[in-house]
Structure formats: structure tokens, C-alpha cells
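Below is one structure, written out as C-alpha cells; comments come after it.
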Amino acid sequence: MKNLPIDHMLLISCLLLAAAAAPNPWVQTLTKGNKNITKFHFYVHNLEAGPNTTVYRVANASITSTSPTKFGLVNVLDDRVTAEPDINSEQVARVQGTVSFTDLHAKAIAMTANFYITSGEFNNSTLSVSGRIPLTEPVREIPVIGGTSAFRLARGYAVTSYYSFDSATGSSVLEYKIYVIAHSHEVVWTGA
Ligand SMILES: *[C@@H]1O[C@H](CO)[C@@H](O)[C@H](O)[C@H]1NC(C)=O
Ligand SMILES: *[C@@H]1O[C@H](CO)[C@@H](O)[C@H](O)[C@H]1NC(C)=O
Ligand SMILES: *[C@@H]1O[C@H](CO)[C@@H](O)[C@H](O)[C@H]1NC(C)=O
Ligand SMILES: *[C@@H]1O[C@H](CO)[C@@H](O)[C@H](O)[C@H]1NC(C)=O
Ligand SMILES: *[C@@H]1O[C@H](CO)[C@@H](O)[C@H](O)[C@H]1NC(C)=O
């Protein structure tokens, strides 16, 4: 860089600083052949107490109160999903669904939920996830089983881990990375 005029060096420095300061995008798409591969990276706020609670218990089984794994407990949730770990950062989606404690022997849940995208180029599209989440594992994986709108015929998987956990309230921030492949499909049903 030593032969560049000083104004060019300033410009390059500014560009480097801007690149360093820019937050990671919460959604990125790569196109390979007839496939789009989209990666989401965002944070789910699972609030179990307080004025902004987003998780509610709807049912207990007769054994839930004595079960070491809370067997039979069913919660519904509508969690805010943000681009950054801060709950007040941009909302990019909601995740809405049910979580059931379905393992008699281990702390594991069955989760069935829809990520409803509320921002950006995929605004109003949904991604459906359904799978088993072992609560004691630091990193969990859950399949993406489909979607709507931009994610018709989508397949993929989500990887999630705790970003933070508040033991006083049971509330947590979960970091999610979701990888989704959407294939192009020829318009066979013209006019339908
Ligand atoms: C609840 O949400 C409102 C609106 O986003 C916010 O102003 C308030 O600080 C939140 N309360 C708590 C306890 O987080
Ligand atoms: C679940 O069980 C607990 C303790 O037995 C009880 O306090 C709570 O009200 C029950 N909740 C529902 C939704 O049945
Ligand atoms: C997303 O779509 C909704 C309608 O479903 C619209 O009200 C909203 O303005 C859109 N937001 C963005 C960021 O495009
Ligand atoms: C949102 O997407 C659904 C399909 O998933 C579509 O039926 C609906 O019209 C869309 N709403 C808006 C406001 O774009
Ligand atoms: C891939 O994404 C581009 C840009 O959003 C879109 O025009 C194209 O239809 C998508 N292709 C597939 C296979 O979904």
C-alpha cells in the first residue's frame, strides 16, 4: 500500500473499518445450480416469566409432577427471534409451536414449530421444524421438514445451543443456525 496516494489509503482504511464493524448478516443465500442454500443465524428469546412471557404451560400428565424428566408437560410458545443476541435488536422472525416433554428416562423434548420470517427478502415465508431435542446436550440438531412461499419443498436442519440462561426465571436466549435447501421446480401446472 505504500505507493498509493494518501486519499486512497484513507479510503481503504475506511472500507476495512466498515467491514469490521458491519454485523454478520442474519440471512445469506448461495445459489449452486438449481438450488438455493440459505443460512439463517439468529437468536430466539424463550421468556418463561415476567411481563413479556412467551412460553406457557398448557397441560400436565398425571405423572409430570413426580417425573424426573417432567414427562407429559406441554408448553406452547411464540418467541421473538432477533438478528443479534440483544432482545431489543431487530426482530427478524417469530418461532411459534409446541414443546412436549416426551422422554420417560432422559431430559428431552419433542418440538414442533414454525419459524415465521417477519423481515427481509423472505418476509412472510415460514420454515417448519420438527424433532427431538435432548436438553442436556450443549448443541442440538432439529430437522427442517418444509416451508411455505420462498421455502416450498425446502429441506434442511437447524443447529441450536444456549447463548445465555437465566436460572432465576428459567428464561433463555438460544442461538440458532438454520441451513435450508430450496430446489427450483418447473411450473408444470400452468394457470393452476
Ligand atoms: C417488555 O417488553 C417491552 C416492549 O418491548 C419493553 O419495553 C420492556 O422493557 C420489557 N420488559 C421486560 C421486563 O423485559
Ligand atoms: C401442572 O401441575 C402443577 C403441579 O402439579 C400445577 O401447579 C399446574 O397448575 C399444572 N398445570 C396445568 C396446566 O395443568
Ligand atoms: C413483512 O410483511 C408484512 C405482511 O405480511 C408487512 O406488513 C411488513 O411491512 C413486511 N415487513 C418487511 C420488513 O418487509
Ligand atoms: C403471506 O404468505 C402466505 C403464504 O405463506 C400468503 O398466503 C399470504 O398472502 C402472504 N401475506 C402477505 C401479506 O404477503
Ligand atoms: C433463488 O433465489 C433467487 C433470488 O431470491 C430467486 O430468484 C430464485 O428463484 C431462487 N431459486 C430457487 C431454486 O429457489
Side-chain angles (χ1 to χ4, degrees), residues 18-31 35-58 70 73-99 101 109 111-130 133 135 138 140 142-185 187 189 191-192:
N24 288 327
W26 62 272
V27 57
Q28 287 170 277
T29 298
L30 296 175
T31 301
K35 291 178 200 163
N36 279 345
I37 303 166
T38 301
K39 177 187 175 186
F40 293 92
H41 182 196
F42 45 40
Y43 297 85
V44 169
H45 301 270
N46 201 57
L47 305 181
E48 299 218 346
N52 299 330
T53 298
T54 60
V55 185
Y56 288 90
R57 175 176 295 197
V58 290
K70 300 198 235 176
L73 174 60
V74 179
N75 286 336
V76 291
L77 56 88
D78 178 3
D79 288 349
R80 180 177 168 92
V81 180
T82 56
E84 300 295 328
D86 182 348
I87 193 167
N88 295 314
S89 65
E90 183 199 4
Q91 175 180 301
V92 296
R94 306 289 300 190
V95 56
Q96 304 167 336
T98 57
V99 155
F101 288 71
I109 55 176
M111 176 172 171
T112 306
N114 302 309
F115 283 87
Y116 171 46
I117 310 299
T118 60
S119 178
E121 67 173 304
F122 301 120
N123 186 27
N124 196 37
S125 294
T126 64
L127 284 173
S128 297
V129 299
S130 180
I133 298 185
L135 294 175
R140 310 79 170 275
I142 182 166
V144 173
I145 58 169
T148 61
S149 202
F151 299 112
R152 288 177 175 177
L153 299 177
R155 284 291 185 273
Y157 65 97
V159 178
T160 175
S161 58
Y162 281 112
Y163 179 82
S164 64
F165 180 72
D166 179 348
S167 56
T169 61
S171 296
S172 52
V173 180
L174 297 149
E175 182 173 8
Y176 266 83
K177 288 180 184 165
I178 306 183
Y179 302 86
V180 184
I181 296 181
H183 296 266
S184 67
H185 47 293
V187 180
W189 312 105

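Bear in mind the structure is a predicted one, so any value in this text is a computation, not a measurement. Counting convention: from 1, in listed order, for ligands and their atoms alike.
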Do any N or O atoms from the side chain of Arg94 and from the backbone of Tyr116 form a donor-acceptor pair under 3.5 angstrom?
no
Give the atoms of ligand 1, by number and element, whose distance to some non-hydrogen atom of Asn52 is under 4.0 Å.
1 (C), 2 (O), 3 (C), 8 (C), 10 (C), 11 (N), 12 (C), 14 (O)
Would you call Pro51 a ligand 1 contact, heavy-atom distance under 4.0 Å?
yes
Nitrogen or oxygen of Asn88 less than 3.5 angstrom from that of ligand 1:
no
So, for Phe122 and Phe151, is the gap between ring centers shorter than 6.0 Å?
yes
Atom 14 (O) of ligand 1 touched by protein heavy atom at under 4.0 Å:
yes
Under 3.5 Å, is there a donor on one side chain and an acceptor on the other for Thr126 and Thr148?
yes
Verify the contact flag for atom 2 (O) of ligand 1, where contact means a protein heavy atom under 4.0 Å away.
yes
Within the supplied structure, the quantity of interest is the number of heavy atoms (other residues, nucleotides, ligands) at a distance under 6.0 Å from Tyr162 OH; does it exceed 12?
yes
Does the protein put a heavy atom less than 4.0 Å from atom 11 (N) of ligand 1?
yes
Going by distance only, is there an N or O of Asn123 that falls short of 3.5 Å from an N or O of ligand 3?
yes
Atom CG in Leu47, atom OG1 in Thr169: separation rounded to 0.5 Å?
8.0 Å
Answer yes if the side chains of His45 and Thr54 hold a donor-acceptor pair under 3.5 Å, and no otherwise.
no
